[in-house]
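First the proteins, then the strands, lettered A, B, ... as listed; each starts at 1.
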Protein chains: 2
Amino acid sequence: MAEPDERVRDMRADVHSWPTGRLLSVAARLVEGRFDAVLAELDLTHAGMITLHHVVREPLAQRELAVLCRVTDQTMSRTTERLERSGFIRRYSDDRDRRRTLVAITPAGRKVLKTARREERESDVLLGAVDDYDRFREQLIALIAVVTDQGGFAE
Amino acid sequence: MAEPDERVRDMRADVHSWPTGRLLSVAARLVEGRFDAVLAELDLTHAGMITLHHVVREPLAQRELAVLCRVTDQTMSRTTERLERSGFIRRYSDDRDRRRTLVAITPAGRKVLKTARREERESDVLLGAVDDYDRFREQLIALIAVVTDQGGFAE
DNA sequence: TGCAGATGTTCAGCTTGCTGAACAAACCCT
DNA sequence: AGGGTTTGTTCAGCAAGCTGAACATCTGCA
């Protein structure tokens with residue numbers, strides 16, 4: 001590994017001056033990235049995993065899924081398309097409202113979700129970086145709630 | 001605004017069961033999203049803003065910038081291309097090592113960065129969602145440092 | 001009944017992440 | 001000096017965000 005030069009050495013100091021949004025973005029990328037190889041092995045993605053998580057209990061319409069996953073309808077459309085291609089969900093149109101596409105998890109979907117969750121839990125050990133992990137998560141959740149309500153989304 | 005149905009109403013509860021990476025990802029998207037319109041007005045993006053931030057002091061090679069911004073060289077290549085197109089930076093090859101492309105900020109770049117920072121600081125008020133904002137940021141930074149070191153990046 | 005507006009999904013096209021591969025320039029070692 | 005390796009950048013192509021627009025279906029009201 002190459003010796004970083006002077007400018008690169010003060011990386012940690014530098015990041016202090018970043019806006020919070022960018023800190024969140026980088027942290028998300030790095031944390032999710034740690035797990036990408038495992039998911040790829042399973043033919044799954046982070047977006048797909050959360051989507052599966054939401055249809056475990058009962059089939060949902062794509063729009064409902066989009067709201068739950070905090071993405072646009074268009075993004076959810078592509079995510080479900082990919083999940084269907086992989087055989088993890090089935091899509092069918094609602095008899096009572098044929099505009100709606102219902103999404104139901106398949107046995108393969110349940111299985112892969114279970115595996116992914118187990119492996120994720122195991123790799124989560126490294127998050128000892130954060131002192132009070134539960135509080136940190138609560139703050140993230142509070143942040144999401146506030147921004148969601150205050151017009152960041154679905155206002 | 002439509003009345004959310006039952007399943008959608010327990011959104012806040014649901015998010016508690018998400019993996020931390022996904023929480024970070026959604027939070028990042030929502031927080032950065034609040035500011036997208038302002039940046040678009042300035043012909044700037046979040047990625048571009050952080051890049052400008054790093055060349056304010058002195059010109060840097062693209063690879064150095066990539067390390068500082070925590071992105072791959074390829075991503076930085078495209079980001080600087082866009083910044084150059086907008087006139088916020090100038091790229092030129094290093095005389096002493098003609099493999100390197102040096103990136104220097106332009107007067108227009110300094111100006112737009114200043115404006116973006118001011119507007120961002122103002123809009124940051126809403127982050128009162130988090131109790132101990134400084135501690136929260138410190139934890140994000142610690143997380144980034146740990147994951148960066150432990151092979152999430154440049155190992 | 002029939003038409004206007006609301007709703008759910010998809011299509012097209014953009015940005016910004018990523019990886020893998022290509023390529024030129026520089027470095028190093030004999 | 002020459003040739004293999006390293007280094008810095010770019011190209012190609014994929015995933016998953018986004019917006020705007022198109023399209024089909026449903027709802028509601030005259």
- Message: Using heavy-atom distances to pick each residue's nearest nucleotide on DNA chain D, tell me which of A/T79 and A/D94 is more 5'.
- Response: A/T79
- Task: Using heavy atoms to find the nearest nucleotide of DNA chain D for A/L44 and A/D95 separately, return the residue whose nucleotide is more 5′.
- Result: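 Counting from the 5' end, the first nearest nucleotide belongs to A/L44.
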- Just by distance, with hydrogens left out, do A/H53 and B/S17 show a side-chain donor and acceptor under 3.5 Å apart?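 Yes, a side-chain donor-acceptor pair sits under 3.5 Å.
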- Are B/R100 and B/S93 close enough that a side-chain donor and a side-chain acceptor fall under 3.5 Å?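 B/S93 and B/R100 do not have a side-chain donor-acceptor pair below 3.5 Å.
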- Message: So B/R63, base contact, sugar-phosphate only, or nothing? Heavy-atom distance under 4.0 Å.
- Response: base
- Using a heavy-atom cut-off of under 4.0 Å over every strand shown, decide if B/R91 touches base, sugar-phosphate, or nothing. sugar-phosphate
- Note on the structure: Of A/I105, A/L42, A/L39, A/T106, the one forming a side chain to side chain contact (heavy atoms under 4.5 Å, CB included) with A/V112 is A/L42
Which nucleotide in [options] has an atom nearest any side-chain atom of [X]:
X     : options                : value
B/R78 : C/dT7, C/dC18, D/dG17  : C/dC18
B/T72 : D/dT10, C/dC18, C/dT7  : C/dC18
B/R85 : C/dT9, C/dT10, C/dT15  : C/dT15
A/T75 : C/dT15, D/dA16, C/dG17 : D/dA16
B/R82 : C/dT15, C/dG8, D/dT9   : C/dT15
A/S77 : C/dT10, C/dT16, C/dT7  : C/dT10

- Item | A/R22 or A/D97, whichever maps to the more 5' nucleotide of DNA chain C | A/D97
- Message: Is it the case that C/dT9 (base atoms only) and A/R99 (side chain only) share a donor and an acceptor within less than 3.5 Å, ignoring hydrogens and angles?
- Response: no
- Item | Check: B/Q74 side chain, C/dG20 base, donor-acceptor under 3.5 Å | yes
From [atom1] of [X] over to [atom2] of [N], roughly how many Å is that when rounded to an integer?
X      : N      : atom1 : atom2 : answer
A/R100 : D/dT27 : CZ    : C1'   : 14 Å
B/E32  : D/dA16 : CD    : P     : 18 Å
B/E81  : C/dT16 : CD    : C1'   : 13 Å
B/L65  : C/dG17 : CG    : P     : 13 Å
A/L102 : C/dT9  : CG    : P     : 8 Å
B/D73  : C/dT19 : CG    : C1'   : 12 Å
B/R29  : D/dT19 : CZ    : C1'   : 14 Å
B/L30  : D/dG17 : CG    : P     : 12 Å

- Task: Considering only NZ, NE, NH1 and NH2 on the basic side and carboxylate oxygens on the acidic side, decide whether A/R90 and A/E84 come within less than 4.0 Å.
- Result: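 Not counted as a salt bridge, because no side-chain N and carboxylate O are separated by less than 4.0 Å.
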- Item | B/R82/B/D43 ion pair, N-O < 4.0 Å |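 Salt bridge flag = yes for B/D43 with B/R82.
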- Query: Which heavy atom of B/M76 sits nearest a heavy atom of B/Q62, and at what distance?
  - Reply: CG-O, 3.6 Å
